[in-house]
Amino acid sequence: MTRGGQGLARVAVVVRAGAAPLWWLGVLAAAIGLLAPGLTGRRIGVLAGAALFVLATAVVARARRKRYTALAAAASRAGKHDVLQDRAVTVRNWRRGHRWWLLLAFLAALGSAFAAPAAGGMLLAGCGAGLWLKSAWLGRREQAGEALLWVRVDWLRGGPAHPAGQRVKAYRSTGIAAGDAAPGGARRKSPALV
């Protein structure tokens, strides 16, 4: 970065980056898990999985909302030398940084099928659904405030970096048309007018 600029990643994109892998790995693990009868039997495993799905969705969607709200309220305007990271780059970096955690979660969900068929996979899918709901909530906040929220890229590097974690000191904000992602972190349907 030149002249004091920072690399910035969209908060909603970082949150949303884990939704699809968790969802699809969970669905796959649940489908494979149904092949094993398990200790509890398929019916109890699926019922337990449904309960875990709902619980995980609710917990993940509501987790750290106060922290997100506080950081958003105190967001400072991004500087003209700050570099806004593309959506695809942010998603790729998050998935690369978490690939081993995703693999371990998938294997754990598969292994749990021997006890309760499909339950672990449905739990994993619930975490993905919760992240989608959280990114949608962030998108509604961005639209209401007419400002997109960004976090410094260097605060997301290494370890279990999180856009509302302890390493994150503040957010930056830009106008609603900045970057290549819509409010909530989804792909923009049409080119942004800058």
Side-chain angles (χ1 to χ4, degrees), residues 9-34 45-73 75 87-88 90-113 115-145 148-151 153 155-168 171 181-187:
R10 276 285 301 286
V11 174
V13 172
V14 176
V15 170
R16 190 183 176 99
L22 285 170
W23 171 264
W24 289 113
L25 289 174
V27 168
L28 181 61
I32 294 171
L34 284 173
V46 169
L47 289 174
L52 288 171
F53 177 87
V54 171
L55 182 65
T57 300
V59 168
V60 171
R62 305 255 339 144
R64 296 187 181 187
R65 280 202 180 185
K66 287 183 181 177
R67 174 91 170 130
Y68 282 103
T69 302
L71 287 168
R87 179 187 183 278
T90 302
V91 170
R92 185 178 64 239
N93 288 345
W94 188 95
R95 292 180 182 169
R96 277 186 185 163
H98 292 81
R99 64 185 177 271
W100 296 113
W101 291 109
L102 291 169
L103 178 62
L104 286 173
F106 176 68
L107 293 175
L110 280 180
S112 72
M122 293 174 82
L123 173 65
L124 206 57
C127 292
L131 289 176
W132 262 315
L133 290 176
K134 182 176 285 185
S135 68
W137 170 75
L138 283 166
R140 288 191 298 274
R141 282 194 59 87
E142 288 176 329
Q143 285 179 320
L148 302 180
L149 300 173
W150 301 79
V151 62
V153 172
W155 287 339
L156 298 174
R157 291 195 183 119
H162 189 277
Q166 293 303 313
R167 292 175 60 185
V168 176
Y171 287 161
R187 283 189 191 95

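Throughout, numbering of the chain's residues begins at 1 and tracks the sequence.
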Looking at CZ of Arg10 and CG of Leu149, how far apart are the two atoms once the value is rounded to the nearest 0.5 Å?
7.5 Å

Just jot down the side chain to side chain contact (heavy atoms under 4.5 Å, CB included) partners of Ala17, sequence neighbours excluded, or say none.
Val91, Trp94

Taking every heavy atom of Ala72 against every heavy atom of Arg141, the minimum-distance pair comes out as CB-NH2, 3.8 Å

State the OH-CG distance between Tyr171 and Leu71, to the nearest 0.5 angstrom.
4.5 Å

In chain order, what residues pass the side chain to side chain contact (heavy atoms under 4.5 Å, CB included) check against Ala48, with sequence neighbours excluded?
none

Compile the donor-acceptor pairs under 3.5 Å between side chains in residues 116-123 and protein atoms, sequence neighbours left out, one pair per line.
none

Listed by chain and number, what are the side chain to side chain contact (heavy atoms under 4.5 Å, CB included) partners of Arg99, not counting sequence neighbours?
Arg96

Chi angles and distances behind the side-chain contact (heavy atoms from CB on, under 4.5 Å) call for Val46, Leu34
CA-CA 8 Å; Val46 169; Leu34 284 173; 3.6 Å; yes

Between Ala181 and Leu148, the two heavy atoms sitting closest are O-CD1, 4.4 Å

Between Glu142 and Pro183, what is the shortest heavy-atom contact and its length?
OE1-CA, 3.3 Å

Shortest non-hydrogen contact from Pro21 toward Leu102:
CB-CD1, 3.9 Å

Thr90: which residues meet the side chain to side chain donor-acceptor pair (under 3.5 Å) condition with it, sequence neighbours left out?
Gln85

Smallest heavy-atom separation, Val153 atom then Ala9 atom, equals CG2-N, 3.8 Å

For Ala20, all residues meeting side chain to side chain contact (heavy atoms under 4.5 Å, CB included), sequence neighbours excluded
Trp24, Arg95, Trp132

Taking Tyr68 for its side chain and Pro163 for its backbone only, find out whether a donor-acceptor pair lies under 3.5 Å.
no

Got a list of side-chain donor-acceptor pairs under 3.5 Å for residues 51-66, not counting sequence neighbours?
| from | atom 1 | to | atom 2 | distance (Å) |
| --- | --- | --- | --- | --- |
| Thr57 | OG1 | Phe53 | O | 2.8 |
| Thr57 | OG1 | Gly126 | O | 3.2 |
| Arg64 | NH1 | His162 | ND1 | 3.1 |
| Arg65 | NE | Ala61 | O | 3.1 |
| Arg65 | NH2 | Ala61 | O | 3.4 |

Rounded to the nearest 0.5 Å, the CG atom of Leu133 sits from the CG atom of Leu138 at a distance of 11.5 Å

